[in-house]
Every structure is written in structure tokens, then in C-alpha cells.
Amino acid sequence: MNQTFKHILFVMGVSGSGKSTIGKLLATALGYPFYDGDDYHPDHNIKKMAAGEPLNDEDRYDWLLALNELAKNHTSKGAVIACSALKESYRDLLQKGIDTKVHYIYLKGSFEEILERLQQRKDHFMPLELLQSQFEALSPPKNAIVVEIKEQPEKIVDTILIALDK
Ligand SMILES: Nc1ncnc2c1ncn2[C@@H]1O[C@H](COP(=O)(O)OP(=O)(O)OP(=O)(O)O)[C@@H](O)[C@H]1O
Ligand SMILES: O=C(O)[C@H](O)[C@@H](O)[C@H](O)[C@H](O)CO
């Protein structure tokens, strides 16, 4: 990827698709800072999800604005941001007013694949029961780098880097 320009990369997908894992590795490979969207949820969102209730558009609105602001503050240095970005309207909000190239990296996997990963994951607030609601809310992006999640993380990052240089 042309390093003269600093890009914003949103690593997106349902809970458990690997956004944090891949995002951190990708940021290191690009020399960009990494930000986990989960760190920008207000407490009531975390509490709601931990209680097994899916978020709705209203819950996510301020969270998406906060991530859009974060992205706008990084157009001169670039950033990798992990954010589920499940709907097209969310992605429109995330990229609003950003005056550099924005990439969406969609980590694509089946319900079964991701459920298995969530069953192995420890110490995370997101209950397995919410995975179905994540898939129900998901509308796959039209313009994104789409990566299957079945590969090892390092291979996924290599695939993304190759796609970014196209
Ligand atoms: N390519 C991969 N192969 C195998 N396991 C993976 C891969 N990517 C991530 N994992 C594992 O899957 C689980 C979910 O990954 P991660 O927490 O990065 O997903 P996430 O999309 O950030 O989830 P959330 O949105 O709930 O925070 C973790 O236990 C992680 O170690
Ligand atoms: O859009 C959403 O419903 C939320 O962002 C969830 O995806 C959580 O942030 C995360 O994925 C769980 O840890």
C-alpha cells in the first residue's frame, strides 16, 4: 500500500470473527496504531450485551460517532480500527467526513465456525447467545476486502496486505 498516504482501515465482522486479533497484527504490519471499537462502547452498551441483549441502532449511534471521530483524528497518521460495522448505514456513519482513503476489511465466516471460536474464548463480556443476532443484523459490505477467517491469523493478514497493494 502506498505509504505516502495514511489510510483508515476498519476491520469488521460479527462478534468473534477475529477483528481484534487480525486488527492488531495488521496494524503492526502497517506501522499504524490499533484501536479496538469495544473500548469506545458506553458502559450501558457493555452491560446490555453482557446481559444477553442485542444492541439496536440507537445504542450504536453515539458509539459509531465516537469511532468516526477517532478515524478523523488519524487521517494524517493512519489507523486500524476494529468495529463490527454490521450495517451499511453504520459504515456510512463511520466514514463520514474522512478525507483520506477508507478501507473495510470484512472477516467472513460461518455461524458454526465463529460459534466454535467463541466457545473457546475466555474472559470476554459477549455471550454466545448474541451471535445469532449479530448475523441477523449483518449486511455484508459491497465494497470491502473480504477475507475468509478459516486461515491462521498471519495468513489472513498477508492476504489483506496483498489486497491493499492492488
Ligand atoms: N484466524 C483465527 N484462527 C483461529 N482463531 C482465531 C482467529 N482469529 C481469532 N481467533 C480467536 O477467535 C476468538 C475471537 O477473536 P477476536 O476476539 O479477535 O474476535 P472479535 O471479532 O474481536 O470479537 P468481539 O467483536 O466479540 O470483540 C479469540 O479467542 C481469538 O483468539
Ligand atoms: O455491533 C455490535 O453489536 C457490537 O459492536 C458488538 O459487535 C460488540 O462490539 C462486539 O462485537 C462484542 O465484543
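Order of appearance sets the numbers: ligands from 1, and atoms from 1 within every ligand.
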Problem set entry | Contact atoms of ligand 1, heavy-atom distance to E151 under 4.0 Å | 1 (N), 2 (C), 3 (N)
Exercise. So which heavy atom in the protein is nearest atom 18 (O) of ligand 1, and how far is it from that ligand atom?
Worked result: T21 OG1, 2.7 Å
Problem set entry | K122 side chain to Q120 backbone, donor-acceptor under 3.5 Å | yes
Exercise. For atom 27 (O) of ligand 1, what's the nearest protein heavy atom and its distance?
Worked result: D38 OD2, 3.0 Å
For this session: Decide whether an N or O pair under 3.5 Å exists between G16 and ligand 1.
Result: yes
Problem set entry | Side-chain donor-acceptor pair present, Q132, E136, cut-off under 3.5 Å | yes
Problem set entry | Within reach of ligand 2, part of S84 (heavy-atom separation under 4.0 Å) | side chain
Problem set entry | Heavy-atom donor-acceptor pair, D59 side chain to N56 backbone, under 3.5 Å | yes
Problem set entry | Enumerated ligand 1 atoms positioned under 4.0 Å from heavy atoms of I156 | 1 (N)
For this session: Do me a favour and list the nearest non-hydrogen protein atom to atom 8 (C) of ligand 2 with residue, atom name and distance?
Result: D38 OD1, 3.5 Å
For this session: Return yes if some donor-acceptor pair links the side-chain N/O of Y104 with the main-chain N/O of R91 below 3.5 Å, else return no.
Result: yes
Problem set entry | Any K122 heavy atom less than 4.0 Å to ligand 1 | no
Exercise. Does Y90 reach ligand 2, in the sense of a heavy atom lying below 4.0 Å from it?
Worked result: no
Problem set entry | Backbone or side-chain N or O of R60 under 3.5 Å from ligand 2 N or O | yes
Exercise. Under a heavy-atom criterion of less than 4.0 Å, does S17 contact ligand 1?
Worked result: yes
Exercise. Any chance the side chains of Y90 and R60 put a donor and an acceptor closer than 3.5 Å?
Worked result: yes
Seminar exercise, completed: Closest heavy-atom approach to atom 24 (P) of ligand 1 among Q152, R121, M126 is made by R121
Exercise. Does D36 come within less than 4.0 Å of ligand 1, judged by its heavy atoms?
Worked result: no
For this session: Around atom 7 (O) of ligand 2, find the nearest protein heavy atom and jot down its residue, atom name and distance.
Result: Q134 OE1, 3.1 Å
